[in-house]
Amino acid sequence: MEASGVNVDLKAKADWVWRQTLKVYRRAPEVRLASSLSPIEIFVSLYYGGLMRFDPQNPAWEERDRCIISKGHGSICMYPILADLGFFPASELERVCQAGSFLGGIPDPVIPGYETVNGSLGHGLGVASGMALGLKVKDGPQDVFVVTGDGELHEGANWEAIMFAAQNRLDNLTLVVDDNRICMLGFTDEINSLGRLADRLGGFGWHCLEVDGHDVMAVHRALSHLKKTRDGRPKALVARTIKGRGVPGLENAPMSHVMSPSFDVIDALLQEPRP
Amino acid sequence: MNEPKPRAMRDALLERIWQGMADDERLFFVAADFGAPTLDRIRGDFPRRFINVGIAEQNLINVSAGLALEGFTVFAYAIAPFITMRCYEQCRTNLALLSTVRPMNVTLVGVGAGYSYVVSGPTHQCYEDITLMRALPGFQVLSPADHVTAGRLFDRCAGRPGLKYLRFDAQNLPVLHGEAGPDLDKGFALLRDGADACVVATGYMVHTALKVAERLARDGINLAVVDLFDLSGFDADALAGLMAARPRVISMEEGFSGRGGVDSLLRDLLSRQGLERPTLGLGVEPAYRFELGDRATLHEQVGIGPAVAEASVRTFLNRP
């Protein structure tokens, strides 16, 4: 489905996912809220924008496009998305982090819709590169998407994969960076600056676009363009985002990773339109 | 008897892999810029399924995991210390952990067990891998003592799903098993009988154990020598039976002693079987050293050469 053919109001869906993510936090405050609010428009574009083929009744469907969610801890917004799409019953969202639930504080591949292990950072891109290579050899038309954080790119294994993907012309691979510019202990630029990431990736031979990661239509347009482009280069979208977006005190706070907003703040937000 | 000539373990395996890749389009060979003349044939004949990731063992494992998730059978190939320790967390997370919910068939081939890269020093030598790879649930750890066993492992690895780590010597070792190879299901082979003690050795140290047994036999001391090549899936009852029939148990490994290697494996087995036997664990004294010398000299320095091993065994058996 092309961008023009999207029949879901992506902006309304992103707002809904934002509220649902707050509700998950309200029930399970162990989850990483700030990191899970920055990639909402990325996941909404991928999963509701007609960019990915998938079958909620058969998550291992061979024809599916693969999405490796490498920033596992910061993808709690996927819980309401996967439930909404029918990967599992919405009632499961009531049990996040509870004994017997498969929805943990950090997602694991026991969750229908999650492909790989994501709790440890810096693994997704390399595994996705192997999958993309395998699909090339099988002559499969599927795309492989990987969503990472920017701080996660400090892990050196990513750069091994970045070289590998370019060398092996994996133009069925798309990296989406949730570029919220904050690690656990502060701003990425003050820890290990990635500089202008798009330039770095371009220097390694990737086809890279940048976009306002909270303009869901812009994210969708960029991903649609990348999906259509197969010119021998692996592709990347650097989505400039805001960690903790929409939650006062949390938003863009250097220590937002380990901050837990009070339930009063969350309850007040849930009464109002999304900021 | 028509004994096969000594060959490199890797050559015996690579020959089988070439045939496997010719027969089965789902076989991949991924290397971390580590080659051998026999590899050129694979590279030349199967360019789409021979991948060199470069000097990048973390990505070697990650790419192998990704290919395995797409249904390919993968052999990943690098120097032993680097394919285990440089990328240990990748092995844990993307192979051992992930394979519990996503079936995979990945075989790591690590060349350079123990001191086999004699003059390259401790970075290229490997004394920790038995302990480390046995610590990962789901990994079968296979440590052959000759190229016949090494070659026979191809069918076992390609034909059965799961994760395997092959610990290969880099040198050409004498042949211990006939063309048919040992019984892979059993996981070990009794190479020499003897009533005074049961020696369980792995890899290169099987050859040392046989030398020690030969020397002691001249003084009427008789050692049984077992080649334990499957360090995770061996027939525990059968091996315990061999140990039960002898009054003492000796382990020999080209890995650190007292750090969770074959010595600990045997003591654990004895304990679980309720067998009380005095044990002697002969392994590398746990320290890093930079001395140069041939393999035999280095082995004598760290406590596993034939002479020092013989002396240790004599003391252990009260037969000085």
Partner chain A: residue of [options] with the largest heavy-atom pair count (under 4.5 Å):
| options | result |
| --- | --- |
| A56(B), G71(B), G54(B), A68(B) | A56(B) |
| E57(B), E25(B), R26(B), E89(B) | E89(B) |
| E70(B), Q58(B), R48(B) | E70(B) |

Aromatic contact, F34(B) with F82(B) (centres under 6.0 Å):
no
Top of [options] for chain B proximity - count of heavy-atom pairs under 4.5 angstrom:
| options | result |
| --- | --- |
| G119(A), S129(A), P109(A) | P109(A) |
| T116(A), N158(A), L125(A) | T116(A) |
| R66(A), M131(A), H123(A) | H123(A) |
| I68(A), L135(A), V137(A) | V137(A) |

For D143(A) and N172(A), run side-chain hydrogen bond (donor to acceptor under 3.5 Å, both in side chains): C-alpha distance rounded to whole Å, both residues' side-chain angles, the deciding distance at 0.1 Å, then the answer.
CA-CA 5 Å; D143(A) 283 294; N172(A) 54 349; over 6 Å; no
Mind checking whether F154(B) and F75(B) have parallel, tilted or perpendicular rings, split at 30° and 60°?
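Rings of F154(B) and F75(B): parallel, as their planes differ by under 30°.
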If the plane angle is over 60° it's perpendicular, under 30° parallel, otherwise tilted; pick one for F87(A) and F54(A).
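The arrangement is tilted - the two ring planes meet at 30° to 60°.
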Only one of W18(B), F50(B), F46(B) clears side-chain contact (heavy atoms from CB on, under 4.5 Å) with F29(B); which?
F50(B)
Among D179(A), L201(A), T188(A), T148(A), which residue meets the side-chain contact (heavy atoms from CB on, under 4.5 Å) test with L153(A)?
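Among D179(A), L201(A), T188(A), T148(A), the one meeting side-chain contact (heavy atoms from CB on, under 4.5 Å) with L153(A) is T148(A).
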Given that the side chain runs from C-beta out, which part of [X] has a heavy atom under 4.5 Å from chain B: side chain, backbone, both or neither?
| X | answer |
| --- | --- |
| D108(A) | neither |
| A128(A) | neither |
| E115(A) | backbone |

Any donor-acceptor N or O pair under 3.5 Å, side chains [X], [Y]:
| X | Y | result |
| --- | --- | --- |
| D11(B) | T38(B) | yes |
| K164(B) | N105(B) | yes |
| Q90(B) | Y88(B) | no |

With a 4.5 angstrom heavy-atom cut-off, which part of [X] approaches chain A: side chain, backbone, both or neither?
| X | answer |
| --- | --- |
| L69(B) | side chain |
| V53(B) | both |
| I61(B) | neither |

